[in-house]
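Everything on this sheet refers to the single structure shown next.
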Amino acid sequence: MQIQDHKPEDWLGRSAIEDLGPDIHGVQVWGPKTNEKFQTTLLDWYDQHGRTLPWRESISAYAVWVSEIMLQQTQVDTVIPYYQNFMQKFPDIQSLAQAGEADLLKAWEGLGYYSRVRNMQVAAQTIMDDYDGEFPSDLKEIQSLKGIGPYTAGAIASIAFNVATPAIDGNAMRVFARLFTVSADIAQAKNRKIFQALGEYLVDPKRPGDFNQAIMDLGSSYQRAKDPNPEASPLRDFNLSTLTGTTLDYPVKSKKAKAKHYYYDALVLEDKAGRVLICQRPETGLLAKMWTVPLLERKEAAKEDMPLGPLFADQVAEDDQAIYDNLLAESQAHYHVSPIFYKRQLAEVKHVFSHQVWHIRVYQGQLKEDPDQVIDRLTKQGASNWSWLKLSDMTQHAFPTVQMKIWQAYEKNRV
DNA sequence: AATCCGGGGCC
DNA sequence: GGCCCAGGATT
């Protein structure tokens with residue numbers, strides 16, 4: 001599609017201009033070459049009032065890449081300290097490609113969506129192997145890298161390599177939907193092409209990177225999702241929703257499905273030496289490869305309080321029998337006790353994910369007998385994804401936030 | 001096209 | 001409790 005040959009109404013599926021009239025409140029809106037006036041106004045504002053951010057200080061493809069991956073579904077204020085730590089530990093593509101996975105996960109600990117950092121390392125290795133260590137500058141080659149989709153490719157290409165392409169994320173879709181009163185549902189993937197086309201029409205071919213960043217800054221200030229201030233925006237006179245008083249009608253976004261609820265017992269089993277048993281989650285799925293104390297999902301019928309006392313196998317959900325069996329084997333081999341332990345409920349922890357809500361009862365495990373064995377033997381036997389952790393030394397494993405909550409509940413309430 | 005994948009901030 | 005956020009991979 002020859003974007004430059006079309007006016008916005010051609011791909012909005014209706015004539016916004018005709019519906020509203022060319023003259024709104026005495027202001028001429030979106031006539032010929034209005035996009036060029038829009039660009040000038042936006043970039044003049046950006047030059048004077050754009051945000052100062054760490055990854056804008058000295059532009060490199062690597063810095064833009066790291067920041068954009070971290071900023072996926074994550075707010076700027078959350079990202080900044082992670083970004084600075086990450087750039088110090090992994091300052092270039094090569095150091096990222098060669099990093100140990102545990103160190104990478106530790107640098108990402110608490111940030112969420114942990115596959116982002118694993119994908120980034122895969123991409124770094126691809127760049128080392130296939131691009132001689134130089135970040136590719138072609139839009140399609142950038143998007144072919146693991147973890148880089150259409151938004152991030154557009155951001156890197158425009159900001160780092162001055163490629164005249166838009167960067168369409170939720171922020172840009174909100175800004176453009178309000179700008180042209182687009183009623184298409186931004187939650188539906190098929191509608192992304194509408195905003196992509198608008199972006200291609202609007203983007204400044206001379207300063208595409210600054211244009212895209214200016215849209216982001218506009219979306220975080222005058223065109224925030226909540227409590228926007230469109231009347232004071234430098235783009236006020238271009239904005240059809242502002243001129244018609246319909247800002248909060250846009251963007252249209254359908255609701256997400258409700259989260260499912262799950263019920264767990266967290267078993268904090270501490271030995272005489274002050275070590276706590278932890279295990280590593282599977283390689284795929286939620287919180288992949290992160291470490292937690294054993295989490296046993298309660299059977300549907302056992303959602304009520306469990307009686308304090310020994311833990312028996314028939315109280316554990318089928319999916320968690322392997323965890324239980326492993327606990328049982330370890331305790332029998334090294335402590336000659338069965339069942340594993342008596343337990344005391346300390347607290348309840350609630351943790352909300354995008355699609356799941358976890359309700360966790362935290363139990364303090366109590367060894368039935370006093371172990372005489374040397375604890376180190378435990379770490380040498382059995383599967384490597386079990387470990388005894390000294391609470392004073394938590395830097396060797398990456399823990400998800402839900403585990404941090406369990407640690408806090410344990411430290412506060414342990415007896 | 002729908003689902004999965006974290007976590008924090010805000011109301 | 002619900003919604004938002006500089007999305008992408010998987011199915």
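When reading the values below, keep in mind they use all heavy atoms of this one structure, side chains included, and skip hydrogens, waters and symmetry mates. Note on naming: letters A, B, ... go to the chains in the order of the sequence lines (proteins, then strands), and numbering restarts at 1 for each one.
In this structure, A:Lys37 does not pair ionically with A:Asp237, as no charged nitrogen and carboxylate oxygen lie closer than 4.0 Å.
Taking CD of A:Gln48 as the reference point, atom CG of A:Leu43 lies at 12.0 Å (rounded to 0.5 Å). Separating the CH2 atom in A:Trp55 from the CD atom in A:Glu68 is a distance of 8.5 Å, to the nearest 0.5 Å. Interatomic distance, CG of A:Leu139 versus OG1 of A:Thr165, reported as 5.0 Å (0.5 Å rounding).
A distance of about 24 Å separates the P atoms of B:dG8 and C:dA9, rounded to the whole Å. When the C1' atom is used for both B:dG6 and C:dC5, the distance is 12 Å, rounded to whole Å. Using atom P as the reference point in both B:dC11 and C:dA6, the two lie 16 Å apart (nearest Å).
Distance, A:Asp169 CG to C:dG8 C1': 13 Å, rounded to whole Å. A straight line from CD1 of A:Ile69 to C1' of C:dC5 spans 16 Å, rounded to a whole angstrom. Rounded to an integer number of Å, the gap from CG of A:Leu145 to P of C:dG7 is 19 Å. The nearest whole Å value for the distance from the CD1 atom in A:Ile142 to the P atom in C:dG7 is 18 Å. At whole-Å resolution of the value, CZ in A:Arg118 and C1' in C:dG8 are 14 Å apart. Distance A:Met120 CE to C:dG8 P: 13 Å, rounded to the nearest Å. The distance from atom CZ of A:Arg174 to atom P of C:dC3 is 16 Å, rounded to the nearest whole Å. Between A:Ile159 atom CD1 and C:dA6 atom P there is a gap of 13 Å when expressed in whole angstrom units.
For A:Asn239 and A:Thr242, the side-chain atoms include at least one donor-acceptor pair closer than 3.5 Å. Side-chain contact of A:Asp44 with A:Thr41: a donor-acceptor pair under 3.5 Å is absent, judged by distance alone. In the model, A:Lys260 has no side-chain atom that pairs as donor or acceptor with a side-chain atom of A:His355 under 3.5 Å.
Taking a 4.0 Å limit (strictly below) on heavy-atom distances, residues 40-68 of chain A does not reach DNA chain B anywhere.
Considering only residues two or more places apart in sequence or on other chains, A:Asn85 meets the side chain to side chain donor-acceptor pair (under 3.5 Å) condition with A:Lys89.
Taking the centre of each ring, A:Trp65 and A:Phe135 come in below the 6.0 Å mark.
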*Which letter, B, S or -, goes with each nucleotide of nucleotides 2-11 of chain B from 5' to 3', with contact meaning a protein heavy atom under 4.0 Å?*
--BBBBB-B-
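Heavy atoms of A:Lys350 sit under 4.0 angstrom from primed sugar atoms or phosphate atoms, though from no base atom. Residue-level contact check: A:Thr152 touches the backbone only, with heavy atoms under 4.0 Å from sugar-phosphate atoms and none from bases. Residue A:Val79 is classed as having no contact, given no heavy-atom separation below 4.0 Å to the nucleic acid.
Between C:dC3 and A:Lys255, a contact under 4.0 Å exists linking OP1 or OP2 to a side-chain N or O.
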